[in-house]
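Since the structure comes first, as structure tokens, the remarks are kept for the end.
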Amino acid sequence: MKVAEKFTSINGEGTRAGEIAVFVRFKGCNLRCSYCDTLWANEPECPYNEETPEEILNYVLGTGIHNVTLTGGEPLLQKDIRNLIHLLLQAGLQVEVETNGAVALAAFCEERPVFTMDYKLPSSGCEEHMITENMKLLEKNDTVKFVSGSQEDLLKALELIRTYDLTNRCHVYLSPVFGAIEPMQIVEFMLKHRLNGVRLQIQMHKVIWDPDERGV
Ligand SMILES: C[S@@+](CC[C@H](N)C(=O)[O-])C[C@H]1O[C@@H](n2cnc3c(N)ncnc32)[C@H](O)[C@@H]1O
Ligand SMILES: Nc1nc2[nH]cc(C(=O)O)c2c(=O)[nH]1
Ligand code: SF4
Ligand SMILES: [Mg+2]
């Protein structure tokens with residue numbers, strides 16, 4: 001597997017935000033979002049370590065941390081990802097997969113990690129790649145995240161939340177594209193549309209560390 005970086009930190013996003021976690025970031029992505037904060041990991045020349053699922057498991061176990069987040073890049077594009085998810089789950093770890101909404105989740109639903117799935121909104125430039133069937137596969141421990149950078153984005157998120165009854169199926173987060181929209185504008189939108197059951201989330205690690213810092 002192509003590992004761009006591994007590190008321990010607090011999870012800055014998702015339902016386990018604020019808890020310590022170990023991160024494995026894989027190289028390569030099938031999208032190129034306008035706002036991506038880890039584009040470096042998607043570049044062909046990005047250095048990486050070739051590691052087996054067993055090696056990654058051993059690293060995770062060695063940290064003594066029970067939450068593991070697989071991210072990238074797009075982690076579900078790695079050939080051995082199902083095997084890795086299997087090994088991590090069998091070891092009793094809490095496994096979260098950050099995925100971009102452009103990989104069909106059906107193939108990964110048998111032995112389930114927790115999915116934190118983005119729906120890429122218009123300002124990402126990648127909305128055409130969204131597999132909306134994925135929405136129907138999300139369960140109560142999963143999250144759908146709308147990273148929003150404009151009012152147009154927020155209106156699209158609202159439409160999808162209503163169409164797929166998302167607040168009754170899984171966790172729903174609205175998160176600002178860092179630096180593109182004031183979190184206050186998202187709060188105002190949530191209040192205006194009475195978005196009960198939806199949460200605003202700000203990437204905690206960008207508040208704690210320099211927003212461009214890697215490995216945190
Ligand atoms: C770097 S992506 C990797 C996982 C997967 N490719 C995806 O897009 O979900 C991890 C998370 O960071 C979010 N993200 C990336 N750049 C961001 C930015 N500038 N502001 C806020 N969130 C961002 C993504 O939307 C995604 O939820
Ligand atoms: N601290 C921290 N928490 C995170 N949660 C999800 C991340 C990601 O890049 O997927 C991330 C990240 O890059 N850093
Ligand atoms: S899908 Fe994720 S990793 Fe890929 S470009 Fe978009 S935010 Fe970055
Ligand atoms: Mg990140």
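Counting convention: from 1, in listed order, for ligands and their atoms alike. All values reported here derive from a predicted model rather than from experimental measurement. What you see below is based on every heavy atom in this structure, not just the backbone, and it leaves out hydrogens, waters and symmetry mates.
- Atom 10 (C) of ligand 1 has its closest protein heavy atom at E98 OE1, 3.8 Å.
- Contacts of K206 with ligand 1, taken as heavy-atom pairs under 4.0 Å, involve the side chain alone.
- Residue L158 is grouped with residue V144 when hydrophobic side chains (ILVMFWY) are merged at heavy-atom distances under 4.5 angstrom, including chains of intermediate members.
- Without hydrogens or angle criteria, K206 side chain to E213 main chain gives no donor-acceptor distance under 3.5 Å.
- Protein heavy atom nearest atom 19 (N) of ligand 1, with residue, atom name and distance: Y35 O, 2.9 Å.
- Under a 4.0 Å heavy-atom criterion, M117 is not in contact with ligand 1.
- Among all non-hydrogen protein atoms, the one lying nearest atom 5 (N) of ligand 2 is N11 OD1, 2.9 Å.
- The shortest N or O to N or O distance between F7 and ligand 2 is not under 3.5 Å.
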Practice prompt. Under the side-chain contact (heavy atoms from CB on, under 4.5 Å) rule, what do K156 and E127 come out as? Steps first, then yes or no, please.
Written response: CA-CA 10 Å; K156 186 63 198 255; E127 192 181 13; 2.9 Å; yes
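- Here is the list of ligand 2 atoms found below 4.0 Å of a heavy atom in S9: 1 (N).
- The residue A180 has no part lying near ligand 1, judged by heavy-atom distances below 4.0 Å.
- Among M204, H205, R25, the residue whose heavy atom sits closest to atom 2 (C) of ligand 2 is H205.
- Numbered from 1 in the order shown, with element, the atoms of ligand 2 that lie under 4.0 Å from a heavy atom of V216 read 1 (N), 2 (C), 12 (C), 13 (O), 14 (N).
- In this structure, T69 has no heavy atom closer than 4.0 Å to ligand 2.
- Between the side chain of R25 and the backbone N or O of G73, no donor-acceptor pair lies under 3.5 Å.
- Not a single donor-acceptor pair under 3.5 Å links the side chain of E50 to the backbone N or O of K2.
- Short contacts between ligand 1 and G72, defined as distances under 4.0 Å to a heavy atom of the residue, involve ligand atoms 1 (C), 3 (C).
- Within the 4.5 Å cutoff, the side chain of L138 has heavy atoms near those of the M117 side chain.
- A distance-only check finds no donor-acceptor pair linking the side chain of T143 to the backbone of K145 [under 3.5 Å].
- Within the 3.5 Å criterion, the main-chain N or O of V97 finds no donor-acceptor partner in the side chain of T99.
- Put simply, the side chain of N49 never gets that close to the backbone of V3: no donor and acceptor are under 3.5 Å apart.
- The ligand atoms of ligand 1 that sit less than 4.0 angstrom from a heavy atom of E74 are 5 (C), 6 (N).
- Two different hydrophobic clusters hold L77 and F23 under the rule that ILVMFWY side chains link at heavy-atom gaps under 4.5 Å.
- Here D37 has heavy atoms under 4.0 Å from ligand 1 in both its backbone and its side chain.
- Close contacts of ligand 1 with E13, meaning ligand atoms under 4.0 Å from a residue heavy atom, involve 11 (C), 12 (O).
- A donor-acceptor pair under 3.5 Å is absent between the side-chain atoms of N141 and the main chain of V114, judged by distance alone.
- For atom 7 (C) of ligand 2, the closest non-hydrogen atom on the protein side is E13 OE2, 3.8 Å.
- The side-chain heavy atoms of K6 and V22, taken from C-beta on, include no pair separated by under 4.5 Å.
- Between N100 and E74, the side chains place a donor N or O and an acceptor N or O closer than 3.5 Å (distance only, hydrogens not considered).
- Residue N100 holds the heavy atom nearest to atom 7 (C) of ligand 1 of all those in T71, N100, N30.
- What sits closest to atom 11 (C) of ligand 2 on the protein, heavy atoms only, is F23 CE2, 3.7 Å.
- Checking I85, L87, L88 one by one against P53, the side chain to side chain contact (heavy atoms under 4.5 Å, CB included) holds for a single residue, L87.
- For atom 9 (O) of ligand 1, the nearest protein heavy atom (residue, atom name, distance) is T99 O, 3.1 Å.
- Remark: the backbone N or O of E139 is paired with a side-chain donor or acceptor of D142 at under 3.5 angstrom.
- Set against the non-hydrogen atoms of G73, the atoms of ligand 1 under 4.0 Å away are 3 (C), 4 (C), 5 (C), 6 (N).
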Practice prompt. Go through the steps for I208 and I10 under the test side-chain contact (heavy atoms from CB on, under 4.5 Å), then give the verdict.
Written response: CA-CA 10 Å; I208 301 175; I10 51 120; 3.7 Å; yes
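- With hydrogens and angles disregarded, no donor-acceptor distance shorter than 3.5 Å links the side chain of E182 to the backbone of P176.
- Of the listed options L31, V103, T38, T38 places a heavy atom closest to atom 1 (C) of ligand 1.
- Residue K120 places at least one N or O, backbone or side chain, under 3.5 Å from an N or O of ligand 1.
- Closest protein heavy atom to atom 3 (N) of ligand 2: G12 N, 2.9 Å.
- With ligand atoms numbered from 1 in the order given, ligand 1 contributes 18 (C), 19 (N), 20 (N), 21 (C) to contacts under 4.0 Å with heavy atoms of F178.
- For atom 13 (C) of ligand 1, the closest heavy atom belonging to the protein is Q203 NE2, 4.2 Å.
- For ligand 1, the atoms lying closer than 4.0 Å to a non-hydrogen atom of P176 are 20 (N), 21 (C).
- Residue contacts with ligand 2 do not include Q203, since none of its heavy atoms lies under 4.0 Å from the ligand.
- N11 and E96 share a donor-acceptor pair across their side chains, judged by distance under 3.5 Å alone.
- Not a single donor-acceptor pair under 3.5 Å links the side chain of S124 to the backbone N or O of C33.
- Here the heavy atom of the protein found nearest to atom 1 (N) of ligand 2 is I10 O, 2.8 Å.
- Polar contact with ligand 2: present for T71 (N/O pair, distance under 3.5 Å).
- Under a 4.0 angstrom heavy-atom cut-off, T38 registers as lying outside contact with ligand 2.
- With a heavy-atom cut-off of 4.0 Å, T116 does not touch ligand 1 at all.
- The ligand atoms of ligand 1 that sit less than 4.0 angstrom from a heavy atom of D118 are 8 (O), 9 (O), 24 (C), 25 (O), 26 (C), 27 (O).
- Near C36, the atoms of ligand 1 lying under 4.0 angstrom from a non-hydrogen atom of the residue are 16 (N).
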